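Written out below as structure tokens is the structure these notes cover.
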There are 2 protein chains.
Amino acid sequence: MESKNAVAALAALAQESRLAAFRLLVVAGPEGMPAGEIGEELAIPPATLSFHLKELVHAGLIESRRESRSIRYSLCTAAVKELFEFLMEDCCQGRPELCGVQAEQLCCGPPPPKRTAKRRGAS
Amino acid sequence: MESKNAVAALAALAQESRLAAFRLLVVAGPEGMPAGEIGEELAIPPATLSFHLKELVHAGLIESRRESRSIRYSLCTAAVKELFEFLMEDCCQGRPELCGVQAEQLCCGPPPPKRTAKRRGAS
DNA sequence: TCCATATTTCTACTATTATGGAAATATGGA
DNA sequence: TCCATATTTCCATAATAGTAGAAATATGGA
């Protein structure tokens, strides 16, 4: 990922309405949500929402597909991952013991509830 | 983390010079880097750099400490982690199998080189 | 074809942000 | 105290971004 792409993605997220829409789509998962539903949930007028969604699409963070009369938006998970990797590239020069970020488990709640004793079985 | 804080952090990162400075500090780790060194590395005039560093500090992403004549900046790793968690909260409604993000290993290069056969030793 | 629904484009207005020179401030050493 | 170094504050200018009404476009059904 190039710096310019990352800046575009971050700028897209750096706005209340867009961040809220993004987070809605993070939760929605691959199914995504139609624009109208997003707008209703966030109480944003259609023209404004359309503008913001387009910004997110343009930044490559979400994508749209028409579905009958609605347009359904969903997250581009690969782009999100790339962005995170770009931000944390060479973190602590590869000395994870120095690093408090330890980005494991940022996603999908509490997946491995315990990892103490036995290696946890197939997920 | 509140939405406003996240927007502030993202806005701080959504700028070429600041993003570059941030990434420099990600690599630098807990030691951090003095302002002058950052400015030299990025070829940014002092006044401009000072402005941008202050934005990052204000957003809570980095912190500064005076060290003799220099001011040394370093990453606030906890804030970065919080930001990532906020962005990915309830990702896929807790169904990680749906999610391509799987944010493991965003940090500190390639820590577990292989995880195929034997359970890898204590982290 | 005609209408209702869903979303986007157009447009103008307002507000915020980036830039960098010059001057000011803080530190340490002679 | 005086000077050099390191960084910040002040300021004006230029550029970019957010907002939402009204009109335009696309889809599906009667």
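In what follows, every chain begins at residue 1, and chains take the letters A, B, ... in the order their sequences are listed. A quick note: this is a predicted structure, and the numbers were derived from the prediction, not measured.
In B/Glu16, the CD atom is crowded: over 12 heavy atoms of neighbouring residues, nucleotides or ligands sit closer than 6.0 Å.
There is no path of hydrophobic side-chain contacts, each under 4.5 Å, that joins A/Val27 to A/Phe84. Hydrophobic clustering of Ile, Leu, Val, Met, Phe, Trp and Tyr side chains at less than 4.5 Å, counting indirect connections, unites A/Leu42 with A/Leu56.
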Taking only Watson-Crick and G-U wobble pairs with both distances under 3.5 Å, what dot-bracket line describes DNA chain D, where [ ] shows pairs that cross earlier ones and | shows pairs with another strand? ||||||||||||||||||||||||||||||
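The two residues A/Leu10 and B/Leu13 have their closest heavy-atom pair at CD1-O, 3.5 Å. When all heavy atoms are compared, the tightest approach of B/Arg18 to B/Ala12 is NE-O, 2.6 Å. Taking each heavy atom of B/Ile38 and B/Ala21 in turn, the nearest pair found is CG2-CB, 4.1 Å.
Proximity of a side-chain donor or acceptor of B/Arg23 to a complementary backbone N or O of A/Phe86 within less than 3.5 Å is detected. Under a 3.5 Å cut-off, the side chain of B/Arg72 and the backbone N or O of B/Arg65 do not form any donor-acceptor pair. At distances below 3.5 Å, not a single donor-acceptor pair connects side-chain atoms of B/Glu2 with backbone N or O atoms of B/Lys4.
For the pair A/Ile44 CD1 and C/dT8 P, the interatomic distance rounds to 13 Å; values are reported in whole Å. The interatomic distance linking B/Glu67 (CD) with D/dT5 (C1') rounds to 15 Å, in whole Å. Atom CG in B/Leu56 sits about 12 Å away from atom P in D/dT8, given to the nearest Å. Whole-Å rounding puts the B/Glu40 CD to D/dT5 C1' distance at 13 Å. C/dT8 atom P lies 14 Å from atom CZ of A/Arg72, rounded to whole Å. Atom CD1 of A/Ile71 is separated from atom C1' of D/dA26 by 8 Å (rounded to the nearest Å). Rounded to whole Å, atom P of D/dT8 lies 7 Å from atom CG of B/Leu49. Regarding A/Arg69, its CZ atom lies at a distance of 7 Å from the P atom of D/dG29, rounded to whole Å.
Using a 4.0 Å heavy-atom criterion, one finds that A/Ser50 contacts the bases of the nucleic acid, with or without backbone contacts as well. When heavy atoms are screened at a 4.0 angstrom cut-off, A/Pro45 is found touching the sugar-phosphate backbone but no base atom. Across all strands shown, A/Ala47 has heavy atoms under 4.0 Å from base atoms, whether or not it also approaches the sugar-phosphate.
OP1 or OP2 of D/dA26 has not a single side-chain nitrogen or oxygen of A/Arg66 nearer than 4.0 Å. In this structure, B/Ser70 does not reach the D/dT5 phosphate: none of its side-chain N or O atoms is under 4.0 Å from OP1 or OP2. Distances shown here put a side-chain N or O of B/Lys54 below 4.0 Å from the OP1 or OP2 atom of D/dT9. In terms of phosphate contacts, A/Tyr73 brings no side-chain nitrogen or oxygen within less than 4.0 Å of OP1 or OP2 of C/dA6.
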Protein-nucleotides 14-18 of chain D N/O pairs closer than 3.5 Å?
residue : atom : partner : partner atom : Å
D/dG18  : OP1  : A/Arg18 : NH1          : 3.3
D/dG18  : OP1  : A/Arg18 : NH2          : 2.6
D/dG18  : OP2  : A/Arg18 : NH1          : 3.3

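Listed nucleotides: D/dT5, C/dA6, C/dT7. Nearest to the side chain of A/Ala35: C/dT7.
Side chains of B/Glu31 and B/Ser74: a donor-acceptor N/O pair is absent below 3.5 angstrom, by distance only.
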